[in-house]
Amino acid sequence: MSNGNKEVLTGHQVVANAMRQVEPDVVAAYPITPQSEIVEYFSQYVADGKVDSEVITVESEHSAMSACVGSAAAGARTMTATASQGLALMMEIVYIAASMRTPIVMAVANRALSGPINIHCDHSDSMAARDSGVIQLYGEDAQEAYEFTLMAQRLAESEDVLLPVMVTLDGFTLTHTAQVAELLPDRAVSDFVGEYDARYPLLDVENPTTQGPFDMPDYYFEHKLQQVDAMDNVPDRFLQVQEEFNDLSGGSYDGLFETYKMDDADYAVIILGSTAGTAKVVVDELREEGKKVGLLKPWLFRPFPAEEIKDVLLDKEAVAVLDRSLSFGSSGPLYLEVSSALSGEDTKPRLYNYTYGLGGRDIKEDQIAEVFEDLENPDLEDKMRYIGARQ
Amino acid sequence: MASLETLAKREEKKRKFESGHSLCSGCGLPIAVRTILNSTDGPVVASNATGCLEVATSRFPTSAWNIPWIHNAFENAAATISGAESAYRSMKKKGKIDKDVNFLAFAGDGGTYDIGFQSLSGALERGHDFTYVTLDNGAYMNTGIQRSSATPKGASTTTAPAGEEKYGKQEKRKNLTEIVAAHEIPYVGQASISHLQDLADKAEKAIHRDGPAFLNVLSTCQLGWRIPPKDSVKVAQKGVDTCFWPLYEVDEGEHNITYEPKEKLPIKEWLEPQKRFAALFKTGNEEVIEEIQEDVDEDWEKLQAKAS
């Protein structure tokens, strides 16, 4: 179907194509409101015989993740896709999927959580899963969402990782807009992802395993620490997978986050997802005016590359962290991570937190330019600022 | 019907479900599970909802299960096994597996009638080839005997207790066997731990039938029912002989009563030995027992009409 050509596709189509090329044994999904078209496109590929997968059209997102756990534990390569309320509903089982070390790859089209019901983009859904034990990758555009979906497969199934991976892409901004995307040839992808060989599959009936047993206080703690170890192995594995992916695609992934004009920057913004694209335009414009500004865009949010990010930020004058979700009664989730990364350092940049884009509120270039302008003020008050909100 | 000798011989084979678990003495669950697992020689993969059976058989690092077994959460035994069964079909089609494997799900009444109902209904409708077993002891026994929609009218539980004003649960229980039968799946069976041959036959049919099958098994709980452990099977037998819990099946849509009590006993004989119904025997509650008798009579007549 694809021969490595550039095509104009929506984010949904791009992720569905990545799933088609991975050809999982099982996909289980449910169309909660808001629904992601990823599974619709994928189901059409199945109906047209373009991919050989079982699609379980379950009766809820809770059952979607439950069936994914059953499938992955059975030994099948397993994927799902969801958004917003769907992720919230499956949350109980997302934790279990991580604890059972099932390497499920899931796409999350980032959309606001109710209430009020909204359906448009923000990061409140995936941020609610940040402590669940899943690996989280944030894509800036459809191309990254595509490439992360392929890399996620390898990362999830790495022997010393075996964790679910969530690949997020901004709802509507990326999922519903058509962009030029370059898909790899089908064959190259199947070679890259290889065959999944589960270590202790339920379907190995001659060697029965008890999975998901009951832990008393004498074992629970140690089992959680095994998840900690697995998470700690992620950065190195991710870099290794990137390297192999670059060989295949000619790409240039070489880190846990992207830096844009950061080397000599005095002022920086940190942004996840599609808004980083807007920020790059602003950085370019301000650079033309001679301002030393830059952008840091985390790809990996869980585990959070604190040390590596700290190293990039320490010599900056001031940094603004732009969060697209709230943690009521506290600062934004991304800000908290960055702030924690810089804590204990004597010399560090002034750090500020902004919230933007909740419920799909647009953020424009001039608003990001204003953030950079704020940063130049050494007396800027340290308080949460809400970009573009009527107050 | 499987002879007692046959059932005994099955016990001599390698056990799929081992002793050494921590279920209570007098508990009906292991009786049901062993009889069901003994009913097939082929490989079986089982999911298990959170509950007594899961907690008492899988305490890490021990396990009573000699079959591949998965516990996921409370409400999703059906969805979980539907995932494993789909994995099996997918991988078999691709030639990654060559064996024939059967799939089972075990859950209590709370995990089925209440919180797991949607997951069960969805899996039945999707037509997965699996057998779902409800081990119905009529309340959330694992968490301390809270009322479920399977709790019989008149039973005292910790969340619908008998007190100065109330005798216990006011409402009639949900008829889940008929609700499942309304999904028009190939096989539905209602059985009891008091009638092992009947249970074994139903399990054999359910497991080997293509498509979804369902077993609703009356299972005693000495703590929740407040009965002496030694009377467990006897009390379950009373449930059957009073027609509170008729033994029957819905085989390809046909209702068959698989056990007709020689003499249908009055409902008092089921209620009286169980202290959870004690309040019904206080002066002033005679009417409630009559109402329960009427409900049982009416349901039995309806069932007989369906089976005729």
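Chain naming here is simple, since letters A, B, ... match the order of the sequence lines and numbering starts at 1 in each.
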Working to the nearest 0.5 angstrom, can you tell me the gap between [X] [atom1] and [Y] [atom2]?
X	Y	atom1	atom2	result
B:N48	A:F214	CG	CZ	13.0 Å
A:Q211	B:W65	CD	CH2	14.0 Å
A:R77	B:S90	CZ	OG	11.5 Å

**Request:** Counting only heavy atoms closer than 4.5 Å, note whether A:L202 contacts chain B via side chain, backbone, both or neither.
**Result:**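 For A:L202, backbone and side chain are both near chain B.
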
**Item:** Engaged part of A:N207 at the chain B interface, taking heavy atoms whose separation is under 4.5 Å
**Value:**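 Neither part.
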
**Item:** Check: B:K96 and A:D25 side chains under 4.5 Å, non-hydrogen atoms
**Value:**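 Yes, at least one pair of side-chain atoms sits under 4.5 Å.
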
**Prompt:** Is B:H71 close to A:T210 at the side-chain level, that is, under 4.5 Å between some pair of heavy atoms?
**Reply:**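 A side-chain contact is absent here, since even the closest heavy-atom pair is not under 4.5 Å.
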
**Request:** Check step by step if side chain to side chain contact (heavy atoms under 4.5 Å, CB included) holds for A:E92 and B:N76.
**Result:** CA-CA 11 Å; A:E92 180 196 22; B:N76 62 3; 5.7 Å; no

Identify which part of [X] has an atom lying under 4.5 Å from any heavy atom of chain A, answering side chain, backbone, both or neither.
X	result
B:N72	both
B:E85	neither
B:I67	backbone
B:V101	side chain
B:S47	neither
B:R126	side chain

**Request:** Against chain A, work out which of B:A77, B:S119, B:S82 has the most heavy-atom pairs shorter than 4.5 Å and name it.
**Result:**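 The answer is B:S119.
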
**Which of B:A79, B:P43, B:G122, B:S121 touches chain A most, by non-hydrogen pairs under 4.5 Å** =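 Of B:A79, B:P43, B:G122, B:S121, B:A79 has the most heavy-atom pairs under 4.5 Å with chain A.
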
**Message:** With a strict 4.5 Å heavy-atom criterion, list every residue of residues 149-163 of chain A that contacts chain B, or say none.
**Reply:**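 Against chain B, none of the residues of residues 149-163 of chain A fall inside the cut-off of heavy atoms under 4.5 Å.
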
**Message:** Are there residues of residues 55-72 of chain A whose heavy atoms fall under 4.5 Å of chain B's heavy atoms? If so, which?
**Reply:**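 Under the 4.5 Å heavy-atom cut-off, A:I56, A:T57, A:V58, A:E59, A:S60, A:H62, A:S63, A:S66, A:A67, A:V69, A:G70, A:S71 qualify.
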
Atom [atom1] of [X]: over 12 foreign heavy atoms under 6.0 Å:
X	atom1	result
A:E244	CD	yes
A:E195	CD	no
A:K224	NZ	yes
B:K9	NZ	no

**Item:** ring pair (Phe, Tyr, Trp, His ring centres under 6.0 Å) contacts touching residues 29-60 of chain B (sequence neighbours left out)
**Value:**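 Listed once each, the pairs are A:Y219-B:F60, A:H223-B:F60.
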
**Asked** If you count heavy-atom pairs under 4.5 Å between each of A:A76, A:P24, A:A73 and chain B, which one has the most?
**Response**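 The answer is A:A76.
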
**Item:** Minimum-distance pair of heavy atoms, taken over all atoms of A:I93 and B:A73
**Value:**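 The pair with the smallest heavy-atom distance is CD1-CB, 3.7 Å.
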
**Item:** side chain to side chain donor-acceptor pair (under 3.5 Å): pairs with one or both residues in residues 105-115 of chain B, sequence neighbours excluded
**Value:**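 As it turns out, the side chain to side chain donor-acceptor pair (under 3.5 Å) pairs with a partner in residues 105-115 of chain B, which skip direct neighbours, are B:D109-B:S148, B:T112-B:Y132, B:T112-B:T134, B:Y113-B:D136, B:Y113-B:R173, B:Y113-B:N216, B:D114-B:Y140, B:D114-B:S149.
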
**Request:** Apply salt bridge (charged side-chain N to carboxylate O under 4.0 Å, His left out) to the pair A:D52 and B:K93, showing each step before the final yes or no.
**Result:** CA-CA 9 Å; A:D52 190 6; B:K93 195 170 67 178; 3.1 Å; yes

**Flag, side chain of B:S58 to backbone of A:P213, donor-acceptor distance under 3.5 Å** =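 Checking the backbone N and O of A:P213 against the side chain of B:S58, no donor-acceptor pair under 3.5 Å is found.
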
